[in-house]
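Below you'll find the structure, written out as structure tokens, and then a few comments.
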Amino acid sequence: MAAVVMSSVAAPACEGLRDGPRGTVTEIVDGDTLLLDNGLVVRLIGIQAPKLALGREGHSDWPGGDAARAALIALAYKKPVLLRYGGEQVDRHGRLLAQVSVTGGAPVWVQQAMLERGQARVYSFPDNRSCLAELMSAETRARAAGLGIWGDSYYRVRRADRPADLAKRAGHYELVEGRVLSAEKVGAQVFLNFGRFYKEDFTAVIDARALRLFADAGIDPGKLGNALVRVRGWIDDRDGPRIVVTHPEQVELLATP
């Protein structure tokens, strides 16, 4: 299970990425989206900053959205940057999915810097998992220090043993921590149960495609019974509050039985 535990030692940069285009930042849309002078729109892969509504109907600003945008302005606005890829390069909106480094003067890894300042959370995808150990380490340090969003109760780590509270967070991206009561394989899925009543209690559901990624990483989630873990992802409310796990990095092993 060591592969699930993120390193606590920060690295100055992530290795093994593919170099992409360069440009100068001309606009900061929000805390994880920027525009370059060559017309490229870049989504900072690996992090999620508090969202801004940006005039979209039915959306509202998340707490800390303006502060996150201001932090990204301070880091990258009007500065030359290099884009680097570690997975899928373009999302369905046509934005480039890249790790971003400021190249003028002392190099700055933008995603890591945003996390270190507590202005974002780690946010990953099964087809884009590079650099997560380094990013998780930066998030952990900021959370422990209560920096940025970590000083706001909106972003606090939720308790798995409070399913009623979690059900109210359906539709939200959350970090949920607790002890796994049982890990059961049913059909092609593994269910990490955090309570005795699966229709009411919190559950992390690992689907068949995700299980292949766990196996590739040498991890057996079926052995997580009685382990203390932290799960991150979007809450839904189907037979109780749950998070669907699509890749191993969504599950952090905090303590073994």
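Residues: numbered from 1 along the sequence shown. No experiment lies behind these values; they were computed from the predicted model shown.
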Pair L72-Q119, side-chain contact (heavy atoms from CB on, under 4.5 Å): steps then yes or no:
CA-CA 9 Å; L72 187 54; Q119 298 299 338; over 6 Å; no

Could you state whether [X] and [Y] fall into the same hydrophobic cluster, counting links through intermediate Ile, Leu, Val, Met, Phe, Trp or Tyr residues with side-chain heavy atoms under 4.5 angstrom apart?
{"X": "V251", "Y": "V205", "value": "no"}
{"X": "M114", "Y": "V102", "value": "yes"}
{"X": "L132", "Y": "L17", "value": "no"}

Between D32, D66, D30, which is the residue that forms a salt bridge (Lys or Arg N to Asp or Glu O under 4.0 Å) with K51?
D32

Testing R121, R230, R232 for salt bridge (Lys or Arg N to Asp or Glu O under 4.0 Å) with E139, which one passes?
R232

From [atom1] ([X]) to [atom2] ([Y]), nearest 0.5 Å:
{"X": "S60", "Y": "L52", "atom1": "OG", "atom2": "CG", "result": "10.5 Å"}
{"X": "L166", "Y": "I243", "atom1": "CG", "atom2": "CD1", "result": "8.0 Å"}
{"X": "R117", "Y": "Q112", "atom1": "CZ", "atom2": "CD", "result": "10.0 Å"}
{"X": "T33", "Y": "R69", "atom1": "OG1", "atom2": "CZ", "result": "11.0 Å"}
{"X": "K78", "Y": "I73", "atom1": "NZ", "atom2": "CD1", "result": "11.0 Å"}
{"X": "L211", "Y": "D216", "atom1": "CG", "atom2": "CG", "result": "11.0 Å"}

Taking all atoms of both residues into account, what is the closest heavy-atom pair of [X] and [Y], and its distance?
{"X": "L253", "Y": "A227", "result": "CD1-CB, 3.7 Å"}
{"X": "I219", "Y": "P248", "result": "CD1-CB, 4.2 Å"}
{"X": "P221", "Y": "I206", "result": "CB-CD1, 3.6 Å"}
{"X": "P63", "Y": "P50", "result": "O-CB, 3.4 Å"}
{"X": "G233", "Y": "Q250", "result": "CA-NE2, 4.0 Å"}
{"X": "G86", "Y": "N128", "result": "C-OD1, 3.9 Å"}

Tell me, with the steps shown, if H247 and S124 meet side-chain contact (heavy atoms from CB on, under 4.5 Å).
CA-CA 9 Å; H247 53 289; S124 55; 2.7 Å; yes

Please check if atom CZ in R209 has more than 12 non-hydrogen atoms from other residues, nucleotides or ligands closer than 6.0 Å.
no

Please say whether more than 12 non-hydrogen atoms of neighbouring residues, nucleotides or ligands are located less than 6.0 Å from CZ in R56.
yes

Under the 3.5 angstrom rule, does the side chain of [X] hit a backbone N or O of [Y] as a donor-acceptor pair?
{"X": "T140", "Y": "M136", "result": "yes"}
{"X": "K79", "Y": "A74", "result": "yes"}
{"X": "R158", "Y": "P163", "result": "no"}
{"X": "R84", "Y": "C14", "result": "yes"}
{"X": "D61", "Y": "A53", "result": "yes"}
{"X": "Q111", "Y": "V122", "result": "no"}

Residues L213, R129; criterion side-chain contact (heavy atoms from CB on, under 4.5 Å); working and verdict
CA-CA 11 Å; L213 297 179; R129 300 161 58 206; 3.8 Å; yes

Is the closest basic N to carboxylate O distance between D161 and R159 below 4.0 Å?
yes

Are C131 and Q99 close enough that some pair of their side-chain heavy atoms sits under 4.5 Å apart?
yes

Would you check if I235 and H172 make a side-chain contact, meaning some heavy-atom pair closer than 4.5 Å?
no

Identify each donor-acceptor pair in which a side-chain atom of residues 180-195 lies under 3.5 Å from a protein atom, sequence neighbours left out, and give them as a table.
| residue | atom | partner | partner atom | Å |
| --- | --- | --- | --- | --- |
| S182 | OG | N193 | ND2 | 3.1 |

Apart from W234 itself, its cluster of hydrophobic side chains linked below 4.5 Å comprises I45, W62, L97, Y123, F125, I149, W150, Y154, Y155, V157, Y173, L175

Test side-chain contact (heavy atoms from CB on, under 4.5 Å) on W109 and E134 and set out the steps.
CA-CA 11 Å; W109 181 8; E134 296 92 335; 3.8 Å; yes

Show me the side-chain donor-acceptor pairs of residues 35-44 shorter than 3.5 Å, one per line, residues at least two apart or across chains.
| residue | atom | partner | partner atom | Å |
| --- | --- | --- | --- | --- |
| D37 | OD1 | T24 | N | 3.0 |
| N38 | OD1 | L40 | N | 3.3 |
| N38 | ND2 | R22 | O | 3.0 |
| R43 | NH1 | I47 | O | 2.9 |
| R43 | NH2 | I47 | O | 3.1 |

